[in-house]
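This report concerns only the one structure given below.
Both counts, for ligands and for their atoms, begin at 1 and track the order of listing. Worth saying up front: this structure is predicted, and the values here are computed from it rather than measured. FYI, the numbering just counts along the sequence from 1.
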Amino acid sequence: MNNRVALITGAGRRGGIGAAIALTLAQRGAHIVISDICATQTELLAVNNPAWEELQNVAREIETCGGRALALRADVTDADSVQAMVERVRAEFGRLDILVNNAGIAISPGPVVFMPDEAWRKTLDVNATGTFLCCKYALPLMLDGERGGRVINIASIASERPKPNMAAYAASKAAVVALTRSLAQEVAMFNITVNALLPGDVETALKQWGVQLEADAKGLTYDEVYVGQIARIPLGRFAQPQDVAHMVAWLASDNANFITGQAFAVTGGREWT
Ligand code: NAP
């Protein structure tokens, strides 16, 4: 991937899937742009915004791999912010080869009848509309190069195996998969492939939050829920962020030239229950 330029959204958390993807692509020679919302507007204005510092730390770690790394604040739900992000990539690198739509949220779990309207809208906005906006505004830069490219959308196994109390998240990720399949056909003629990954249980802060939530709901301890979930995974462990990152790296590589419009489960063989 020498000299290819990759943009990864939602990559500001050390230990998150986005940062692992960025590091893995950097280790294979790509130049990396990482972006993240870096918290609320008020926090954005703070001089020492910890989320912004963490994003910059991830960028510094990437640079130890030898390539360039650029950290940008961008809110994927805001078209102006996404366009500004893409324009920075154009100004700094003049090209874009790989787009990884990783930014995502899971909020306000609960039955549909009790779900705040705002939680439904926000989840669809970040996960589905955010992916749409990044594709919409980044693809023209990828097309400019006439070298083809890769779009990889981080959806979730929830898109195919929705659990109760997670309707907004599951619906938003199903939208990402449908967007993937439709867009793949639109841009295939330009040698751009579009694929989705469907991670299952990946050991990140988001997953820890989910385990704690289930523990609270069932009156169990964190460890009891953790062990119970692992028992349902044939490979006997949660995924690590690197497991997802390696699949992204394969899809971004020349070995995956002929693969498009697909959604790949990364679940350790778990059949959802
Ligand atoms: P994570 O650490 O929370 O990463 C998601 C990142 O997206 C966070 O840094 C978050 O920033 C950022 N983000 C949220 N809203 C944004 C916005 N409007 N604009 C830009 N960035 C925004 O979670 P993760 O576990 O690494 O998840 C990464 C992706 O994998 C997500 O799409 C998630 O749905 C998907 N996934 C995860 C799992 C799992 O088990 N962990 C399973 C299936 C799919 P803040 O922290 O500031 O909100």
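With salt bridges taken as basic N to acidic carboxylate O contacts below 4.0 Å, none links Asp144 and Arg95. Taking 4.0 Å as the cut-off between side-chain N and carboxylate O, Arg161 and Glu271 count as a salt-bridged pair.
Around atom 9 (O) of ligand 1, the closest heavy atom drawn from Ile17, Asp36, Leu198 belongs to Asp36. In this comparison of Gly16, Gly18, Gly10, Ala74, the heavy atom closest to atom 20 (C) of ligand 1 sits on Ala74. The option with the heavy atom closest to atom 31 (C) of ligand 1, from among Asn153, Asn102, Ile154, Val244, is Asn102. When Ile157, Ile34, Thr131, Ile37 are ranked by how near their heavy atoms come to atom 13 (N) of ligand 1, first place goes to Ile37.
Close approach to Ala155 involves these atoms of ligand 1, each under 4.0 Å from a residue heavy atom: 35 (C), 44 (C). If you number the atoms of ligand 1 from 1 as listed, the ones under 4.0 Å from a heavy atom of Asp75 come out as 17 (C), 18 (N), 19 (N).
Taking a 4.0 Å cut-off on heavy atoms, Gly200 registers as neighbouring ligand 1. Using a 4.0 Å heavy-atom cutoff, Lys173 is listed among the residues neighbouring ligand 1. Judged by the shortest distance from any of its heavy atoms, Ala239 lies outside the 4.0 Å radius around the atoms of ligand 1.
One distance of note links CD of Glu61 with CD1 of Ile32; it measures 12.5 Å at 0.5 Å rounding. Here the straight-line distance linking atom OH of Tyr226 with atom CD of Glu214 works out to 14.0 Å at 0.5 Å rounding. From Leu197, atom CG reaches atom CG of Asp243 across 11.5 Å, with rounding to the nearest 0.5 Å.
In Phe238, neither the side chain nor the backbone holds a heavy atom less than 4.0 Å from any atom of ligand 1. Contacts of Val126 with ligand 1, taken as heavy-atom pairs under 4.0 Å, involve the side chain alone.
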